[in-house]
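Keep in mind that the numbers below use all heavy atoms, side chains included, and drop hydrogens, waters and symmetry copies. Computed from a prediction, not measured in an experiment: that's the story for all the values here. Here is the naming used below: chain letters follow the sequence lines, and residue numbers restart at 1 for every chain.
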Amino acid sequence: MDIKADARLALSQLSNTSTYNEQTFRELVDSVVKTVIKSSQEEYPTSNIPSEQKIIFSALVYLFVEASKHNAESLEMSNFLVEHILEPDRVQYICDQYTANKDLIREKALKNKTFAFPKLVDVDWRLDYVVKSSSVQKTNEPVYTLNFRFDDGEAMKLSCTVEQLQDLHSKMRDAVKQVERTLEK
Amino acid sequence: MFLKLGDEHRDDLDSIANLSPSALTQCCELAISLIADGANPRAVTAVAQELELERTDVDTIVKALSFLFSECARANLPESEFTLTILDLNVSSEAQEVFMEQYRQHVKKLRELFVRADAKTDHLFGISAIPQYKDLEWRMEIELDRRNVRQLVRPHFTLNLKTSEQVEFGTRDETNKLNNVYMTAEYHDLRHATDVLGEALKEIKTQHVRRIRNYIQ
C-alpha cells in the first residue's frame, strides 16, 4: 500500500495520547468513516473538526480510501499502521472500523464513479405485415420493429426482416450459451 | 386489371404501328437494355440507321417502350393482362406477338432489377427514419480494475449492433450510412432480451399471423 509521506507523518500524530484523548480519537475515526461513506442521514461532520485535526482527518480519509481501493486485508492495514501509531489499541480500532466498512466503501463510494457504453435493459418488438408500398419492393412480407432500451433512459429503434431477426437472435443466443458453457465447466 | 396507358404515352407509341416485327423486336431489346444497363446512345443510333429512321424518333419509341415494360413489370402483370394493355395500342397481331415474347422473356429480370434497386438503397419498404439491422458483434469481458477500485471480477458483455440508415432520403445525396451502436449488457439482461426476441420469432408461426397472410394473399 502506497501511502504518501506527509500522510504518514500526519497519522503518526495519532500516537500522541495527550493531544488526542481516546474519545477525540474515536470521534475522529468515526467521522472519517461517515464522510467516506456519505451516509445521507447524517450531516457532514467536517465542520466540527478543529483545524489542527484537519490534517489528520484528511490523512485518515486518504488511508481508508486507498486501502479499500486495493482491497487490502485488515492485517495489511495493521502492519502498516503499527509503524506509525504506537498505541496498539488505536491501531486495532482503526482496523476494526476499516474491516467493518470496507465493502461498503467499495460499493458506494468507489464503484459509482465509472464510465461505460449504455447498458441494455430491455427490448420491445412489434410485428407488422406490409401490404403495399410506394416503391415496388416485395410486398406481403412481415417486418419487425425493435426498440432497444438502455439504463440511461435512451431507446433505439431498429427494423428487420424475419431472416435478420433470426440472425440477431442466434447471435445473442450464442453469446448467452458461451457463459452457460463456461459455468458448466 | 391491366395498365391504362396515358395519352402522351400512346402518342409516342403510335409510330410503332409502322414498324416491322423485326424492327419492333430490336426496339424492344433496346428498351429493355435501357432499363437494365442505362442509356446507350450508340446502340440507338445504330438501330436508327439500320431502320432508316430519325434518331430522335427511335429514341422516343425506345423510351416509350421501356416505360411500358417497366410499369408492367412493376405492377407484376400476368401475361393475360399485359395482352389487354397491348390491345389498347392498336398494333398488328404480329407486333402483339413480339411484345408478348419480349415481356415473357424479360419480366422476371426486370422485377429482379427493381427489387434489387430498392434493396440497394437497402431500406425496408421505403421507411427511412428507422435504421435497419445489419449485424451484431459481441464479446464477453471481465472487468478487473478501475482507477478508483481494484481487484474486481465483473463479467459483462459488450455488443456492437451494426445498422444502416438512409441519409437524405429521396434527395440526390441519398446514401446508406453504416452505424455502429455500442452497448454493454449483463448476462441476465442479455438472456432476457434473447428470450423476448425468441418469442417475437415464434409469433410468425401462430395461427393468427398465418390467417392474416392467407387472407391478404
Side-chain angles (χ1 to χ4, degrees), chain A residues 65 68-71 105-107 109-114 116-131 133-146 148 150-151 156-162 164-169 171-176 178-180 182, chain B residues 73-76 111 114-115 117-119 121 123-127 129-140 143 146-152 154-159 161 163 181-187 189-194 196-201 203-204 209 212-213 216-217:
Chain A
V65 167
S68 314
K69 189 206 290 192
H70 291 279
N71 208 16
I105 298 175
R106 273 170 80 83
E107 278 307 310
L110 300 176
K111 280 186 185 164
N112 285 338
K113 298 189 185 78
T114 184
F117 292 121
K119 194 169 106 150
L120 176 71
V121 184
D122 201 4
V123 182
D124 295 324
W125 58 270
R126 190 177 115 179
L127 173 59
D128 291 309
Y129 194 73
V130 178
V131 175
S133 135
S134 61
S135 38
V136 83
Q137 274 164 330
K138 297 183 244 187
T139 55
N140 296 329
E141 291 267 322
V143 66
Y144 282 95
T145 308
L146 305 173
F148 290 90
F150 301 104
D151 60 346
M156 186 184 91
K157 285 205 173 65
L158 201 62
S159 91
C160 54
T161 61
V162 180
Q164 287 170 339
L165 186 63
Q166 276 169 345
D167 185 47
L168 174 62
H169 177 68
K171 291 200 168 99
M172 286 171 106
R173 230 185 2 187
D174 276 342
V176 167
Q178 266 301 91
V179 175
E180 286 166 8
T182 326
Chain B
R74 220 186 267 268
N76 204 13
R111 266 193 80 75
F114 285 130
V115 169
D118 287 309
T121 63
H123 241 79
L124 271 183
F125 313 110
I127 302 169
I130 306 178
Q132 196 182 340
Y133 165 77
K134 279 261 149 289
D135 197 10
L136 176 78
E137 290 175 351
W138 60 269
R139 71 169 183 231
M140 186 178 146
E143 187 183 14
R146 281 178 208 168
R147 177 183 166 180
N148 289 335
V149 60
R150 313 283 159 87
Q151 296 187 15
L152 295 167
R154 282 216 153 165
H156 61 94
F157 286 93
T158 301
L159 307 168
L161 186 58
T163 65
V181 181
Y182 292 97
M183 57 183 98
T184 60
E186 294 281 318
Y187 168 74
D189 289 321
L190 191 63
R191 169 89 184 264
H192 169 69
T194 313
V196 165
L197 292 180
E199 273 174 32
L201 279 170
E203 272 301 304
I204 344 164
V209 175
I212 305 270
R213 281 179 107 154
I216 294 185
Q217 260 165 344

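With a threshold of 4.5 angstrom between heavy atoms, B/Y182 approaches chain A through its backbone and through its side chain. At a 4.5 Å heavy-atom cutoff, the contact between A/Q178 and chain B is made by side-chain atoms alone. Both the backbone and the side chain of A/L168 come within contact range of chain B, with heavy atoms under 4.5 Å apart. For B/I204, the parts lying under 4.5 angstrom from a heavy atom of chain A are both the backbone and the side chain. There is no contact between A/T182 and chain B, counting heavy-atom distances below 4.5 Å. Both the backbone and the side chain of A/V162 come within contact range of chain B, with heavy atoms under 4.5 Å apart. Neither the backbone nor the side chain of B/R139 has a heavy atom closer than 4.5 Å to any heavy atom of chain A. The contact between B/M183 and chain A is made by backbone and side chain atoms together, counting heavy-atom distances below 4.5 Å.
Among the candidates B/L136, B/D135, B/T163, B/L159, the residue making the largest number of heavy-atom pairs closer than 4.5 Å to chain A is B/L136.
To the nearest 0.5 Å, atom CG of residue A/N71 and atom CD1 of residue A/I105 are 11.0 Å apart. Atoms NZ and CD, from A/K171 and B/E137 in turn, are 8.5 Å apart once rounded to the nearest 0.5 Å. Taking CD of A/E180 as the reference point, atom CZ of A/R173 lies at 11.0 Å (rounded to 0.5 Å). Taking OG1 of B/T158 as the start and NZ of A/K119 as the end, the distance is 12.0 Å to the nearest 0.5 Å.
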(request) Carefully, step by step, assess B/W138 and A/D174 under the rule side chain to side chain contact (heavy atoms under 4.5 Å, CB included). (result) CA-CA 9 Å; B/W138 60 269; A/D174 276 342; 4.1 Å; yes

(request) Could you give me the CA-CA distance, side-chain angles and deciding distance for B/R191 and A/V179, then say whether side chain to side chain contact (heavy atoms under 4.5 Å, CB included) is met? (result) CA-CA 10 Å; B/R191 169 89 184 264; A/V179 175; over 6 Å; no

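A/L158 places a side-chain heavy atom less than 4.5 Å from the side chain of B/L161.
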